[in-house]
Every structure is written in C-alpha cells, then in structure tokens.
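Step one of this worksheet: look at the structure below.
Lettering of chains follows the sequences in order, A, B, ..., and the numbering in each one begins at 1.
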Amino acid sequence: MITREPVYLPPSDTRRAELGRDVLDLVCNCGRALLLLFSAIGCMRFAFQGRSRDRIVEQMFSSGIKSLGVISVVSMFTGMILALQTGIELRKFGQEVNIGAAVMVSLLREMGPFMTALILAASVGSSFAAQMGTMTVSEEIPALELMSIDPVKFLVMPRLIAMAIMTPLLSFYGCILGVIGGGIVGSTQLGVSWVSYIDNAMRFAENKDLYVGLLKAFLFGVIITVVSCHEGFATRQGAVGVGRATRRTVILSFLLILVVGYIVTRLFYI
Amino acid sequence: MIRFENVRKWLGDHWVLEDVSFEIKRGETFFIVGPSGTGKSVTLQHMVRLLTPDAGRVMIDKDCVSTARGRNLERIRTRFGMLFQSGALLEWLTVAENVALPLLELTKMGHEEIDKLVREKLELVGLPDALAKFPAEISGGMRKRAALARAIILKPEIMLYDEPTAGLDPVSARKIDALIADMQVKTGITSVVVTHDLQSALSIGTRIAMLFEGHVVELSTPADFVKSQVAEVREFLDSQYITRRGDWEKNTP
Ligand SMILES: Nc1ncnc2c1ncn2[C@@H]1O[C@H](COP(=O)(O)OP(=O)(O)OP(=O)(O)O)[C@@H](O)[C@H]1O
Ligand SMILES: [Mg+2]
C-alpha cells in the first residue's frame, strides 16, 4: 500500500529523543524505498503486456530522448575541458598525444555516467518527484489504490525500466560525444591529429572500463527513479510538500550517485 | 452493511472523531451532513481504510476493514466506488481515458465495448461532449461529474460520494441527485453521501446523520430530521432556510 496515514507522535522533549526519532525516520525511509524498489521489480512480470509496454516506451521517450540535447552539450564540453586541461599539462612533457587515453578512460569510467546521472537526477528525477507528489496530495494515488490499480505497477515500474535502460544508453552516447569534443580540442588547439588521438584512446581504454561505466549508469538510473518516486509518494501538505519532495530528491540522488559511484569504482578497480 | 463501532480518530491536533457509532443498511442512501471541518471526509475514508481508527472499528458486513490487510483489504475495497472531493482524475489522460481506466486495467473487455460503456456513463452524468478534453480544460463541476462516471463504471456494491454536488450549478446538482437515486432504485446500490447540501439529503436520502465536533448528534429519516430539536441541527437547517413548518415533501426526482 502506497498511501500512508499521517502519524502523530507526542512532541519529543529532549535533544536525544529528537535525534533518535530522526534516525528511526531515516531507517524507515530507507526501508520503504527498498520495498518500493522490490515491488517495482516484482511488477516487471507485467512489463510486456500491451499497455505496460506502451507506458515504458512513452517514458523512455519522455525521460530519455528528450534529455539528448542537454546531455549532448554537457558531454561535449566535458570532453573538451578534459582534453584542454590534461593537454596543457601533458604538453610540458611533450606528451600531448596521451590526451586520447585521458579523455576516453575518465569519460568511460566516471565522467560519462556521472554527468548523465546528475543531469537526469536534476531534470527527470525532479519531474518524477513533482508528478508523484502532486498526484499524492491531490488524492489521485489513493483513488488509484481504491480502484485496485497498483500505483507501483502503473507508475513506478514503467519509469524504472525506462530509466534503467536509458541511463546507460545516454551515458554511452555522452561518452562518444565527449571523445569527439576532446578530439576537436586536440586537433585544433593542441596539434594532436585525429588519427593519433583515436589510436591512443583505443589503446589505453579497455572493455572493462566500458562495462563498469555502463553498470554505474544502470545503478544511477535505478537510484534516481526509486528516490524520486519514494519522495513523491511520501509528500504531505500540498504545494509546499511537492517543492520539498523535489528538492530532497535532487539532493539525495546527487549524494547517492556520488557514494555508489565511489563504491563501484572501489569494487572493480582495486 | 457498514457499521462504525465507537470510532475515535486523532488528526493533527485534535480528536476529529471522538466517539462515532452508526450503521448503514444495505440499499440505503445514507447522508452525512455537518459543517466544514467536522470530519465528514475523514469518516468516509475510514470505510475504505484510507484512515485507521485509533480506537473502535469499522465493519463492512462481516469483515473488519480497520484491521484487514493485503489481499483481504483489496477484496473489501473492490466492493466500493468512491468519488473524491477533488475528483482525483489523472491529469495526463483525457476524460474518456480516465473513465475507461478501470476497465482497461482491470477487465479484459475489448476497445469497442469499453468505448460504448464510457460514452454511456458520460452521457449519464451529463458530459457527452467532454470526451477528448483534459481534466485541466474542464470546470470543477465537470471534473466531478467525470470522476463520478469513473467511479460507477465498475458497478460497485457501495458508492461513497464526497460532496458530489458542491461546486455544481443547481440544475446539474439535481441531475446528480437524480442519478444517485436512480442507481439506488435500479441496482439496489448502497450509497453514502457526504454533503452540505440539505436539499439533496432531504429529497433523496433514506437517513441522514449529522456530524458535529466528533459526534453523531442526530440520525434520522428526512422527515424527522427537519423536525429535530437538536440545536446544531436547527442551526444547520435554518442556515439553509428549511423551516419546521409543514413536513418536508419527499420529492424524489
Ligand atoms: N491528513 C490530515 N492531516 C491532518 N489533519 C487532517 C487530515 N485530514 C483531515 N484533517 C483534519 O480533520 C478535520 C476534518 O477534516 P475533513 O476533511 O473530514 O472535514 P470535512 O467535514 O470533510 O469538511 P469539508 O466539508 O470542508 O470537506 C479537519 O479539522 C482537518 O484539520
Ligand atoms: Mg470533506
């Protein structure tokens, strides 16, 4: 059951009681978010039914394809900045041809998924949270539940699948554009030809870098969806609550993306 | 059919329901009236377990909805249709899609059959030409009627209406009254209606309960309700210019 009743506790009189409550609250929220994730995974058995499939495609379009523009620009410039910064330093040692490896590896392993996830968290995650929040406060979620239409199956599952597929794809697309951006800077500013740039990039980047990057992007997509939907469903108190849910979604997603990104890197590279 | 047993509920900073007991029988059109903020919506929400009582319980036939869980709760809930005070239509679907939603999601009907039913229900609530409009493009009263069409499309056993006529012009309001009364006659549906509108309560209600400060202060048939001596009821009646003089004519539309 998604709809929750407000809970009233007597006011806590000591600092310690307040702290304890905050901790309990945090644990409860984590638990609920995980439950939401598991029930969404449980609903995936309906993913190939006609209407669910349509909804997934719709979400893939509205959250994935519509983010292409901003992701293109951001990735391109990330690649260009990376190439320029490392290129300037490497030039001191006459090693500017190595910008290929520097750009490719850092984009594949970290910057690509990370940038994509930040953009998606700020745009798609916040819109999910606002939508779920508005639906919760305007009684649409309780109404769905009373009609025996499961909001998790109806709303969360399509978004989860769409984001789990689109984030890695967008991240990969971002990496390609970033590498192109780096190449442009290399050939125009640093005197590194396209051929040696690409050759250098391909020599140092491994398949593992690609896979780990895609795994990260996948996890980020799941995190963004679960956090935003959970925050949306937990919304109280009208428009102010929706604003708060959106804000918390962006902050929480950013934090989790950083932490999970670190953990994955740590697991696969040490 | 629906029985409240000493229900108490604390919300925010006060007891919204202090000690509420009443029973609604099968096939009744039961009205709950009372001033704003006395917990009429809260009472309705207890019937489908959107709220749980702090003490006491709510029984639906032999099931205790206040303690039901999981599948059991779902089974009880499928017996209900509910019209929310705000309508609660999905904003990104058109009116027709909203009304069709329960059929699409929960039944295996074909598209043509669904289409026919949707038109029929929208006709019934007086919205035959709002099919392709979005909820944001129609008025509050129209939204309410569209929500009503959605609520009745699965033919529930018990219908809960939260202010079905608030925000409607008098003519549409009486049409909705007629619809509620008509469904009761034709299908024997049990209806629970929350309203400020004593006109509807007195004309189509079988019994009326008045809620005031967490208690049921009066529960009687319309004919007795207008003669009630309870101060709060009198004030409520007087405020809508309904006098004791002469029995209230029961003019079922
Ligand atoms: N979710 C909630 N959280 C806190 N307080 C609530 C909540 N829902 C209702 N209340 C309180 O319960 C009281 C009764 O609310 P309710 O919505 O039932 O009133 P109502 O009788 O339906 O009024 P109206 O006719 O205006 O709809 C109000 O005082 C309100 O403050
Ligand atoms: Mg109300």
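Comment: B/Asp162 does not engage B/Lys40 in a salt bridge, judged by the lack of any side-chain N to carboxylate O separation of less than 4.0 angstrom. Using a 4.0 Å cut-off between charged nitrogen and carboxylate oxygen, B/Arg3 and B/Asp61 do not count as a salt-bridge pair. Ion pairing of B/Arg26 with B/Glu157 is present here, as a side-chain N (NZ or NE/NH1/NH2) and a carboxylate O approach within less than 4.0 Å. Taking 4.0 Å as the cut-off between side-chain N and carboxylate O, B/Lys144 and B/Glu163 do not count as a salt-bridged pair. A salt bridge does not link A/Arg51 to A/Glu58: none of the charged side-chain nitrogens sits closer than 4.0 Å to a carboxylate oxygen.
Residue B/Glu91 touches chain A through both its backbone and its side chain, counting heavy-atom pairs closer than 4.5 Å. Only the side chain of B/Leu73 comes within less than 4.5 Å of a heavy atom of chain A; its backbone N, CA, C and O stay farther away. Using a 4.5 Å cut-off between heavy atoms, A/Ile141 does not touch chain B at all. Residue A/Thr3 touches chain B through its side chain alone, counting heavy-atom pairs closer than 4.5 Å.
Within the 4.5 Å cutoff, the side chain of B/Ser200 has no heavy atoms near those of the B/Val193 side chain.
No hydrogens or angles considered: a donor-acceptor pair under 3.5 Å links the side chains of B/Thr52 and B/Arg49.
Inspection of non-hydrogen atoms places A/Gln131, A/Met135 of residues 112-137 of chain A under 4.5 Å from chain B.
Comparing B/Gly70, B/Ala147, B/Ala88, B/Gly87 by heavy-atom pairs within less than 4.5 Å of chain A, the highest count is held by B/Ala88.
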Please tabulate, for the side chains in residues 101-127 of chain B, all donor-acceptor contacts under 3.5 angstrom to protein atoms that are two or more places apart in sequence or on a different chain.
{"unit_1": "B/Glu105", "atom_1": "OE2", "unit_2": "A/Arg55", "atom_2": "NH2", "d": "2.6"}
{"unit_1": "B/Thr107", "atom_1": "OG1", "unit_2": "B/Leu103", "atom_2": "O", "d": "2.5"}

